[in-house]
Trainee: 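What follows is a structure written as C-alpha coordinates; I'll ask about it next.
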Amino acid sequence: MNTLIEFEAQRLADLFTQGDTLSIHLFMDSMSMPFDVQEKLFNEISALKNLDHQQIAQVIESHGQSLIQELYRY
(Lines give C-alpha, C1' and ligand atoms only; values in the text may rest on other atoms or scores of the structure.)
Protein backbone atom coordinates (compact mmCIF):
# COMPACT_ATOMS: atom_id res chain seq x y z
CA MET A 1 0.00 0.00 0.00
CA ASN A 2 1.42 3.37 -0.94
CA THR A 3 1.83 6.44 1.23
CA LEU A 4 -0.83 8.44 -0.61
CA ILE A 5 -3.53 5.86 0.10
CA GLU A 6 -2.48 5.67 3.74
CA PHE A 7 -2.73 9.46 4.04
CA GLU A 8 -6.14 9.51 2.34
CA ALA A 9 -7.38 6.67 4.55
CA GLN A 10 -6.25 8.37 7.75
CA ARG A 11 -7.84 11.67 6.70
CA LEU A 12 -11.11 9.92 5.84
CA ALA A 13 -11.05 8.04 9.15
CA ASP A 14 -10.69 11.36 10.98
CA LEU A 15 -13.51 12.98 9.00
CA PHE A 16 -15.85 10.01 9.48
CA THR A 17 -15.11 10.05 13.22
CA GLN A 18 -16.06 13.74 13.28
CA GLY A 19 -19.22 13.00 11.27
CA ASP A 20 -18.47 15.85 8.88
CA THR A 21 -20.23 14.69 5.69
CA LEU A 22 -19.52 17.88 3.75
CA SER A 23 -15.78 17.72 4.49
CA ILE A 24 -15.75 14.03 3.57
CA HIS A 25 -17.17 14.78 0.13
CA LEU A 26 -14.92 17.82 -0.34
CA PHE A 27 -11.90 15.69 0.51
CA MET A 28 -13.01 13.00 -1.93
CA ASP A 29 -13.40 15.73 -4.57
CA SER A 30 -9.83 16.84 -3.89
CA MET A 31 -8.81 13.21 -4.53
CA SER A 32 -10.32 13.67 -8.04
CA MET A 33 -12.77 10.92 -7.24
CA PRO A 34 -15.87 10.61 -9.46
CA PHE A 35 -19.20 11.19 -7.69
CA ASP A 36 -20.42 7.63 -8.21
CA VAL A 37 -17.25 6.26 -6.62
CA GLN A 38 -17.59 8.77 -3.78
CA GLU A 39 -21.02 7.39 -2.95
CA LYS A 40 -19.79 3.78 -3.06
CA LEU A 41 -16.83 4.58 -0.81
CA PHE A 42 -18.98 6.65 1.55
CA ASN A 43 -21.45 3.79 1.93
CA GLU A 44 -18.76 1.12 2.34
CA ILE A 45 -16.80 3.15 4.89
CA SER A 46 -20.01 4.02 6.77
CA ALA A 47 -20.80 0.31 7.01
CA LEU A 48 -17.47 -0.49 8.71
CA LYS A 49 -17.89 -1.36 12.38
CA ASN A 50 -14.48 0.08 13.22
CA LEU A 51 -13.14 3.15 11.40
CA ASP A 52 -9.65 1.73 11.14
CA HIS A 53 -7.54 3.52 8.54
CA GLN A 54 -6.15 0.18 7.29
CA GLN A 55 -9.65 -1.04 6.45
CA ILE A 56 -10.45 2.28 4.80
CA ALA A 57 -7.24 2.04 2.77
CA GLN A 58 -8.34 -1.38 1.53
CA VAL A 59 -11.69 0.07 0.46
CA ILE A 60 -9.91 2.88 -1.42
CA GLU A 61 -7.60 0.39 -3.13
CA SER A 62 -10.52 -1.84 -4.09
CA HIS A 63 -11.92 1.04 -6.13
CA GLY A 64 -8.58 1.78 -7.82
CA GLN A 65 -8.29 5.43 -6.81
CA SER A 66 -4.52 5.52 -6.43
CA LEU A 67 -2.80 7.27 -9.32
CA ILE A 68 0.64 6.55 -7.90
CA GLN A 69 0.03 2.82 -8.10
CA GLU A 70 -0.99 3.20 -11.76
CA LEU A 71 2.13 5.20 -12.60
CA TYR A 72 4.46 2.43 -11.46
CA ARG A 73 2.73 -0.31 -13.44
CA TYR A 74 4.36 0.69 -16.71
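This one's a predicted model, so the numbers in the text were calculated from it and none came from an experiment.
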Trainee: For Gln55 versus Asn50, what's the shortest heavy-atom pair and its separation?
Mentor: OE1-O, 2.8 Å

Trainee: Could you pull out the closest heavy-atom pair between Ala9 and Ala57, with the gap in Å?
Mentor: CB-N, 3.5 Å

Trainee: With sequence neighbours left out, write down each residue that passes side chain to side chain contact (heavy atoms under 4.5 Å, CB included) with Asp36, or none if nothing qualifies.
Mentor: Pro34

Trainee: Mind checking what makes side chain to side chain donor-acceptor pair (under 3.5 Å) contact with Glu44, not counting sequence neighbours?
Mentor: His63

Trainee: Show your reasoning for whether side-chain contact (heavy atoms from CB on, under 4.5 Å) applies to Phe35 and Met28.
Mentor: CA-CA 9 Å; Phe35 291 118; Met28 288 182 180; over 6 Å; no

Trainee: Which residues, ordered by chain and number, are linked to Leu22 in its hydrophobic cluster, where ILVMFWY side chains connect at heavy-atom gaps below 4.5 Å, directly or through other members?
Mentor: Leu26

Trainee: Just do the side chain to side chain donor-acceptor pair (under 3.5 Å) check on Glu6 and Asn2 with the steps written out, would you?
Mentor: CA-CA 7 Å; Glu6 290 191 22; Asn2 68 49; over 6 Å; no

Trainee: Can you name the ring pair (Phe, Tyr, Trp, His ring centres under 6.0 Å) partners of Phe16, sequence neighbours left out?
Mentor: Phe42

Trainee: Start with the C-alpha gap between His25 and Gln38, add the side-chain angles, then the distance that decides, and say whether side chain to side chain donor-acceptor pair (under 3.5 Å) holds.
Mentor: CA-CA 7 Å; His25 284 288; Gln38 286 184 28; 3.1 Å; yes

Trainee: With sequence neighbours excluded, what pairs up with Asp52 under the side chain to side chain donor-acceptor pair (under 3.5 Å) test?
Mentor: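 Asp52 satisfies side chain to side chain donor-acceptor pair (under 3.5 Å) with no other residue.
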
Trainee: Distance from Met31 atom CE to Leu4 atom CG, nearest 0.5 Å?
Mentor: 7.0 Å

Trainee: Decide side-chain contact (heavy atoms from CB on, under 4.5 Å) for Leu12 and Leu51; before the verdict, give the C-alpha distance in whole Å, the side-chain angles of both, and the deciding distance to 0.1 Å.
Mentor: CA-CA 9 Å; Leu12 286 170; Leu51 290 175; over 6 Å; no

Trainee: If you take all heavy atoms of Ile56 and Ile45, which pair is closest and at what distance?
Mentor: CG2-CD1, 3.8 Å

Trainee: For the residue pair Gln10 and Asp14, confirm or rule out a side-chain donor-acceptor distance under 3.5 Å.
Mentor: yes

Trainee: Got a sec, which residues hit side chain to side chain donor-acceptor pair (under 3.5 Å) with Ser23, two or more places apart in sequence or on another chain?
Mentor: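 Counting only residues at least two positions away or on another chain, Ser23 forms a side chain to side chain donor-acceptor pair (under 3.5 Å) with Asp20.
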
Trainee: Once rounded to the nearest 0.5 Å, what's the spacing between atom CD1 of Ile24 and atom OG of Ser46?
Mentor: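 Between Ile24 CD1 and Ser46 OG, I get 7.0 Å after rounding to 0.5 Å.
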
